[in-house]
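Note sheet for the following structure.
All values below were derived from every heavy atom in this structure, side-chain atoms included, with hydrogens, water molecules and symmetry-related copies excluded. Within every chain, numbering begins at 1; the chains are lettered A, B, ... in the order of the sequence lines, protein sequences first and strands thereafter.
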There are 4 protein chains.
Amino acid sequence: MSEPIEEWLDELNKLGEEKSMTDKQLKIVKAASEIFAEKGFAGSSTSEIAQRAGVAEGTIFRHYKTKKELLVSIVAPVMAKLVAPFVMREFYKVLDSRYDSYDQMLRAILENRLAFLEKHLNVLKIFIQEIPFHPELQEQFEKLILAKVFEKVTPNILRFQEEGTLVNWSPYTIIRLTVSSLIGYAAIRMIYGKREGSSWNDEKEREATIAFIMKGLAP
Amino acid sequence: MSEPIEEWLDELNKLGEEKSMTDKQLKIVKAASEIFAEKGFAGSSTSEIAQRAGVAEGTIFRHYKTKKELLVSIVAPVMAKLVAPFVMREFYKVLDSRYDSYDQMLRAILENRLAFLEKHLNVLKIFIQEIPFHPELQEQFEKLILAKVFEKVTPNILRFQEEGTLVNWSPYTIIRLTVSSLIGYAAIRMIYGKREGSSWNDEKEREATIAFIMKGLAP
Amino acid sequence: MSEPIEEWLDELNKLGEEKSMTDKQLKIVKAASEIFAEKGFAGSSTSEIAQRAGVAEGTIFRHYKTKKELLVSIVAPVMAKLVAPFVMREFYKVLDSRYDSYDQMLRAILENRLAFLEKHLNVLKIFIQEIPFHPELQEQFEKLILAKVFEKVTPNILRFQEEGTLVNWSPYTIIRLTVSSLIGYAAIRMIYGKREGSSWNDEKEREATIAFIMKGLAP
Amino acid sequence: MSEPIEEWLDELNKLGEEKSMTDKQLKIVKAASEIFAEKGFAGSSTSEIAQRAGVAEGTIFRHYKTKKELLVSIVAPVMAKLVAPFVMREFYKVLDSRYDSYDQMLRAILENRLAFLEKHLNVLKIFIQEIPFHPELQEQFEKLILAKVFEKVTPNILRFQEEGTLVNWSPYTIIRLTVSSLIGYAAIRMIYGKREGSSWNDEKEREATIAFIMKGLAP
DNA sequence: GATGAATGAGTGTTCATTCAT
DNA sequence: CATGAATGAACACTCATTCAT
């Protein structure tokens, strides 16, 4: 795989990561991520977060006005970076020329986002848990994530359809079917793939998933 | 579609529904379902539930020893009924003879369970939200739901594979791919299908989804 | 020991015991006695009493207007009977003529009251625990018990003092010293006398106690 | 009476008394002692304690994890100090040489402990009320108090018996008889000695009590 | 900037008591 | 006479947040 792209992605992912965070602040964010992921936002207490972070309770509120602000400060940057590849203009320029099938595009995205997902598993768990209860998050998600993804992916789909390598359904439908298959793969992989004694064969399942999508979306 | 089966299913779904629930108890369960769905389990307070149900707070605890027992008492029966069709011995006997393709099986299940899902949307939301935090629910889900579904669906998949109408992957993989596509369809349908001014064309999306699965799983 | 006296005492002790109590009422009183003794009045709940008695909660309040009335109804009659021997005019008539020493009087009282104490241990425990918190009980105790005992015992002490067989202290002092020794004996006997592997030798301890009192009160 | 001993005892009693207690904590302990003594542990509410202490209810639980921990934290140190003289190695070394009779030992202990008792009356009331319901307190009492007292007093009793100045009963019996007489004296003194218009003559009663014990335990 | 004691509203739960059946 | 569902005040305890140090 093209090294430049990977490097660019990595840089982008790091972008702003620990920007001007004090040592204590970092500890707080780390502790909060863990505890929010374990028990959910409402089920977590600031005192437990302070304890695990090894700071005083007051210190949390010196950096974040409320508990909810702490939540958002954790979730927002990861969300931003989740969509990063689709925001990069260069990304698809290169992609367009390099990967000349939906299949290859799928593999590229999957591989890159899977690594990201694994790295930020906790935050994503929090995000999924909390999105129904926080309209700000919903809006952010729709505007920042969904819209960007559609914007960037749709032209590619149209191109593949013109080339006659993709079924002639609405791009929204194609994206929906693709994404639900990929999420289904990623979810089961997270839950069962790491259990002891599990018979999960990642290579086989990934190939099956991509084959399933490709055959399902063949013209 | 065979009327008797549908009727049987309906009856089964109703079975034991409000059996021996007092008026107040019903109000409590209704209010709790709504509030749990709105704010999550940990974010809901028993006092608010009591208020919305129009009963005294003490009344809740006369019927349910703890708040968690209230949660489980709401979620468990719906989960049980979700899987009801797969528990019916008759179901597949008839199915085997009537529907002679995976396609038809899919449609039959989808149609029936979709109505159920819509009816119990709140409870399913609660279930999905809370399952990560309550090991009892996880166990129940795996033992009561997943196991039953696999047990009943696997033989049919094997039969279709023998007949050469289904790709030769592991039944687990086939179920995973099918279910993630169906859930994706149902989820988007719930979220976007009912928005005002939505361009969601349910008939078309459902056909696309089934076509996607069938093509994706063709041998 | 004179049989008639014992029989009279026994009859008196039984007097009014189950006077017009329904079956349920008896069960309630029994259950309440046990639970009050185990956990104290404030620490016991009417629901637990109802449960152990095998009646509905409402039934308790049909017979006793409040929880406190239940307490008093349990404690009062036993208190009344505790003092019974001293109220019997016949008792001391006979006593005066039959036992011609403080020593013999002591033994007579001790033996009779010890049996009573053992039989009503629970109620006495309740009484001792609750007396500090219920002024009615205090008053009742002073008026019904203490006053009667002094009234009846004082003449006997004076007589023994005249006869020159008892030290010439105030009867109140003599009663105080006697009673504290007897209570001390009874208390330790209750606590340690029944422990498994206990080396408590009741006969020896009782004789020592009486000898101690007699020598301590010798002129 | 030897001044040095008294001073040592006073110092010992003060030892660690209000060590590192914040102002609020002290108020809480004081309020709790009063209310527990008035109404018993189960009958007291943390909200009332907070109110009387002039602090927020939460403040109580910042210092004591549970209501019971508050109880124990009040009772335990007083119990420990009650037995303090018996723990002092010096105490009996001096006693042995200075007081050469049981009579004098009695007076020394009585005088010192009586002042202590009066000072900590509330806590002792609490202790007596609650000991039947809290096995921790029972154990503590047996191990810390009873055992220490027996350990220290027994050798002295044996010595007096060898010298022929004390009756030849088991040390346990002698301690039991002594203690019940002393407790009886202290109890009545507390209850009646301070009533208005009471005819209680403390000097006389104390002398009578000691004379009673001494005569009762004469060989 | 960091602390942690203090707060008081809020939590889930228990309680003695009532009353329609 | 007995029941047990219903009550709502009270309970012990937790919480996010504040603020003097």
Q. Got a salt bridge between C:K125 and C:E130, using NZ or NE/NH1/NH2 to carboxylate O under 4.0 Å?
A. no
**Q.** Electrostatic pair A:E48-A:K39, nearest N-O below 4.0 angstrom
**A.**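 A salt bridge links A:E48 with A:K39.
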Can a donor-acceptor pair be found between the side chains of [X] and [Y] at a distance below 3.5 Å?
X	Y	value
D:H120	D:K81	no
C:S47	C:E57	no
D:K68	D:H134	yes

Polar pairs (N or O, both sides) under 3.5 Å between protein and nucleotides 4-8 of chain E?
residue: E:dG4; atom: N7; partner: A:G58; partner atom: N; Å: 3.3
residue: E:dA6; atom: OP2; partner: D:H63; partner atom: NE2; Å: 2.7
residue: E:dA6; atom: N7; partner: D:R62; partner atom: NE; Å: 3.0
residue: E:dT7; atom: OP1; partner: D:K24; partner atom: NZ; Å: 3.3
residue: E:dT7; atom: OP2; partner: D:A56; partner atom: N; Å: 3.1
residue: E:dT7; atom: OP2; partner: D:T59; partner atom: OG1; Å: 2.6

Q) Can you tell me if A:K65 uses its side chain to pair, donor with acceptor, with the backbone of A:L70 under 3.5 Å? A)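 Between the backbone of A:L70 and the side chain of A:K65 there is no qualifying donor-acceptor contact (under 3.5 Å).
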Q. What nucleotide, of F:dC11, E:dT13, F:dT17, holds the atom closest to the side chain of D:S45?
A. F:dC11
**Q.** D:Q140 side chain near D:F127 side chain, heavy-atom distance below 4.5 Å
**A.**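 When only atoms from C-beta onward are counted, D:F127 and D:Q140 do not touch, as no gap falls below 4.5 Å.
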Q: Represent DNA chain E in dot-bracket notation, 5' to 3'. Only Watson-Crick or G-U wobble pairs with both distances under 3.5 Å count; pseudoknot-style crossings use [ ] and interstrand partners use |.
A: .||||||||||||||||||||
**Q.** 5' priority, DNA chain F, between D:S47 and A:K67 [closest heavy atom]
**A.** D:S47
Q. D:E48 has an atom CD; how far is it from atom C1' of F:dA9, in whole Å?
A.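 Spelled out: CD on D:E48 to C1' on F:dA9 is 15 Å.
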Q: From the options B:T59, B:V72, B:V29, select the one residue that forms a side-chain contact (heavy atoms from CB on, under 4.5 Å) with B:Y64.
A: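 Only one of B:T59, B:V72, B:V29 forms a side-chain contact (heavy atoms from CB on, under 4.5 Å) with B:Y64, namely B:V29.
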